[in-house]
Amino acid sequence: VFKYTFFGLLARGNRERCMGACGSCPKHSRAARDVRVKQCSTEYLNWRRAASAGKLQLSNPDDYSHLHAAACLDNCQAFLRTTTNTDMLLPPLESLATDATADWSPYLKFLLARVKSGNSVLGPRMRVVSWLTLKELGRMARWPDDCEHILDAEQLLETFVQRMNSQGTVDGKVAVFTFFSHRWEQPTQALPDTPDHKKARHLAQYGEVGNCPLFKNHRFDYYFWIDYACIEQDQPHSKMLGICKLPIYVASSVEAVFYNSSTVAYEPRAWTRVERMLAYTYTCSPLFTYMDDSYPVPPDIDALISQQPHVFRRHESTGALMMFINDPSGKDAQITETSDFKLIGELSRITLNAIPLNPMMKQLAQDGETEQRITFQKTAILVDTVHSSMDARDIHRGQSKFLQALNADPQRQQQQQQQHQQQQE
């Protein structure tokens with residue numbers, strides 16, 4: 001089902017240092033961050049440091065004080081309907097699925113062109129967070145506190161393209177931008193994750209393994225668009241403009257991952273509903289990757305459907321998991337600030353009237369289907385659950401190899417015990 005959906009529909013459809021308040025070290029409390037400057041190394045990012053969004057902001061500060069939210073939304077919609085945008089097609093990828101030595105450089109250049117064109121629309125530039133950052137910090141990064149650890153998407157891809165080899169890889173991996181859809185755990189306290197940072201931990205694992213069920217012979221360098229890190233959190237006007245550019249950020253993403261948390265209800269949240277509409281319309285991949293608290297253990301599909309039949313169902317012919325798109329402004333939609341419904345309504349309107357870029361939705365439109373537009377409580381997205389199975393296998397395999405090596409080396413085992421004790425202290 002994954003190969004048919006992606007390749008079949010696609011082929012037919014397309015014919016150091018933080019110099020300022022920084023909360024990037026887990027051992028530093030947020031209160032302490034506010035009263036003294038910290039020096040937090042970004043050496044772990046290696047060559048990616050050249051794309052630091054924080055440094056770019058210092059050297060070339062943005063000023064959007066004159067830009068109104070309504071104008072920003074109109075500009076985004078106008079851009080997404082231009083032929084410059086709709087004619088920018090993903091290169092054929094069929095041969096890459098089986099050829100381990102295939103060339104990814106046309107795809108990288110396509111992705112760079114998409115991000116660059118999106119950044120041409122007035123408003124905040126697209127930013128992303130490396131899985132390395134989530135692993136290093138042990139939590140989600142926040143803008144502007146962790147600006148040195150957050151990357152400018154365009155600059156990152158330019159650096160990647162400059163460094164890539166003849167196969168379009170850097171360090172044996174291909175860059176992928178992933179849009180992360182989730183419900184904040186404690187929105188009234190502006191906290192997107194749980195105290196144990198489960199989302200950050202799972203995304204770091206997802207990126208570290210670097211799998212993709214469509215391209216099993218390749219490894220991928222994952223970068224995530226996460227609202228907490230990639231949209232301004234302190235300045236209300238800049239934050240609003242970042243939200244208005246949400247459709248463009250999604251259109252610059254290859255895939256979407258959603259987090260079905262056990263501690264907050266993901267689906268009925270109005271914002272997550274509009275995010276699913278955007279992902280179904282604009283991402284390059286027709287699949288929506290599933291993640292929950294049990295990751296990398298794959299979900300029980302029958303249990304999901306039984307518990308939430310208005311949210312999930314099976315594909316008629318393949319049995320794959322599918323997820324309904326429900327109305328972000330419906331009576332059952334949940335929101336923290338009711339004033340947000342106006343903006344959510346505008347984003348929904350833009351999506352409902354969009355020229356689709358997603359291969360699945362584009363195919364429906366080209367086939368002349370009467371339901372190529374989203375129909376609430378009827379339109380459903382294919383959900384990728386294979387990714388979790390692959391990651392579970394590889395993580396288990398990696399842990400087994402590590403334990404074997406550890407048992408064979410008593411000195412290394414002692415060092416690990418000492419490190420574990422230091423971490424506990």
Side-chain angles (χ1 to χ4, degrees), residues 10 13-14 53 56-57 60 62-91 107-128 151-158 161 177-179 181 223 225 227 230-232 237-256 271 274-286 328 342-362 364-366 372-374:
L10 181 61
N14 285 343
L56 181 66
Q57 183 78 356
N60 187 24
D62 298 325
D63 181 14
Y64 304 118
S65 57
H66 63 288
L67 180 61
H68 295 290
C72 186
L73 271 176
D74 289 342
N75 292 341
C76 290
Q77 182 178 24
F79 167 78
L80 290 168
R81 296 184 66 86
T82 61
T83 54
T84 302
N85 177 66
T86 57
D87 290 349
M88 194 181 298
L89 305 179
L90 185 67
Y107 151 79
L108 269 306
K109 292 175 182 177
F110 155 81
L111 189 57
L112 173 58
R114 284 212 65 81
V115 173
K116 186 174 291 188
S117 62
N119 279 341
S120 69
V121 178
L122 194 60
R125 293 167 62 86
M126 184 178 182
R127 304 170 184 136
V128 290
L151 305 173
D152 180 82
E154 182 179 336
Q155 185 62 53
L156 173 68
L157 286 174
E158 287 184 344
V161 168
F177 286 175
T178 299
F179 179 82
S181 176
Y223 300 88
W225 188 95
D227 47 11
C230 303
I231 287 182
E232 168 69 49
H237 182 66
S238 295
K239 184 175 185 177
M240 177 63 71
L241 294 179
I243 296 171
C244 290
K245 283 196 71 174
L246 197 58
I248 287 182
Y249 301 147
V250 177
S252 301
S253 300
V254 176
E255 64 169 5
W271 280 112
V274 81
E275 287 169 0
R276 288 196 294 283
M277 291 177 64
L278 290 166
Y280 180 67
T281 304
Y282 291 122
T283 55
C284 297
S285 172
K342 182 177 180 180
L343 180 54
I344 287 170
E346 287 298 306
L347 291 170
S348 298
R349 178 185 59 79
I350 289 174
T351 310
L352 289 171
N353 295 321
I355 298 173
L357 303 178
N358 183 289
M360 178 180 288
M361 193 172 180
K362 180 182 286 189
L364 291 174
Q366 291 189 350
Q372 68 264 26
R373 289 180 55 179
I374 293 171

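Worth saying up front: this structure is predicted, and the values here are computed from it rather than measured.
For the pair Phe177/Thr283, no side-chain contact is recorded, criterion being any heavy-atom separation below 4.5 Å from C-beta on. Annotation: side chain of Val254 is not in contact with side chain of Arg114 (no heavy-atom distance under 4.5 Å). A 4.5 Å side-chain heavy-atom check between Leu347 and Leu73 finds at least one atom pair inside the cut-off. At least one side-chain heavy atom of Asn75 sits less than 4.5 Å from a side-chain heavy atom of Val121. You'll find the side chain of Ile231 stays beyond 4.5 Å of the side chain of Leu241, heavy atoms only. Counting heavy atoms from C-beta outward, Leu357 and Asn85 have side chains that approach closer than 4.5 Å. Using a 4.5 Å cut-off on side-chain heavy atoms (C-beta onward), Trp271 and Ile243 make contact. The side-chain heavy atoms of Leu343 and Met240, taken from C-beta on, include a pair separated by under 4.5 Å.
Rounded to the nearest 0.5 Å, atoms OG1 (Thr86) and CG (Leu80) are 9.5 Å apart. A distance of 11.0 Å separates CE in Met277 from CD1 in Ile344, rounded to the nearest 0.5 Å. Leu156 contributes atom CG, which lies 5.5 Å from atom CG of Leu151 (distance to the nearest 0.5 angstrom). Between the CD1 atom in Ile248 and the OG atom in Ser117 there is a gap of 8.0 Å [rounded to 0.5 Å]. Note that the CD atom of Gln77 and the OG1 atom of Thr82 stand 11.5 Å from one another [nearest 0.5 Å]. From Ser252, atom OG reaches atom CD of Glu154 across 10.0 Å, with rounding to the nearest 0.5 Å.
Within a 6.0 Å radius of NE2 in His237, more than 12 heavy atoms belonging to other residues, nucleotides or ligands are found.
Nearest heavy atom pair, residue Pro328 against residue Ser348, reads CG-OG, 3.6 Å. Contact record, Asn119 with Arg125: OD1-CA, 3.4 Å, taken as the closest heavy-atom pair. Looking at every heavy atom in both residues, Gly123 comes nearest to Tyr64 through O-OH, 2.8 Å. Among all heavy-atom pairs drawn from Val250 and Leu278, the shortest one is CG1-O, 3.6 Å. Minimum interatomic distance between Lys245 and Cys72 (heavy atoms only, all atoms of both residues): CG-SG, 3.7 Å. Closest approach of Phe79 and Ser120 over heavy atoms only: CE1-OG, 4.5 Å.
Using a 4.0 Å cut-off between charged nitrogen and carboxylate oxygen, Arg127 and Asp152 do not count as a salt-bridge pair.
No donor-acceptor pair closer than 3.5 Å links the side chain of Asp62 to the backbone N or O of Pro124. Side chain of Tyr249 to backbone of Met126: no donor-acceptor contact under 3.5 angstrom is found. Checking side-chain atoms of Asn353 against main-chain N and O of Arg349 turns up a donor-acceptor pair under 3.5 Å. A donor-acceptor distance shorter than 3.5 angstrom exists from the side chain of Asp63 to the backbone of Ser65, with no hydrogens or angles considered.
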Next item on the list: Under the side chain to side chain contact (heavy atoms under 4.5 Å, CB included) rule, what do Lys109 and Leu157 come out as? Steps first, then yes or no, please.
Entry: CA-CA 8 Å; Lys109 292 175 182 177; Leu157 286 174; over 6 Å; no
Next item on the list: Apply side chain to side chain contact (heavy atoms under 4.5 Å, CB included) to Val161 and Leu112, showing your working.
Entry: CA-CA 9 Å; Val161 168; Leu112 173 58; 4.3 Å; yes
Next item on the list: Carefully, step by step, assess Tyr223 and Thr178 under the rule side chain to side chain contact (heavy atoms under 4.5 Å, CB included).
Entry: CA-CA 6 Å; Tyr223 300 88; Thr178 299; over 6 Å; no
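A donor-acceptor contact under 3.5 angstrom links the side chains of Glu275 and Ser181, judged on distance only.
Under the 30°/60° scheme for interplanar angles, the aromatic rings of Trp225 and Phe179 are found to lie parallel.
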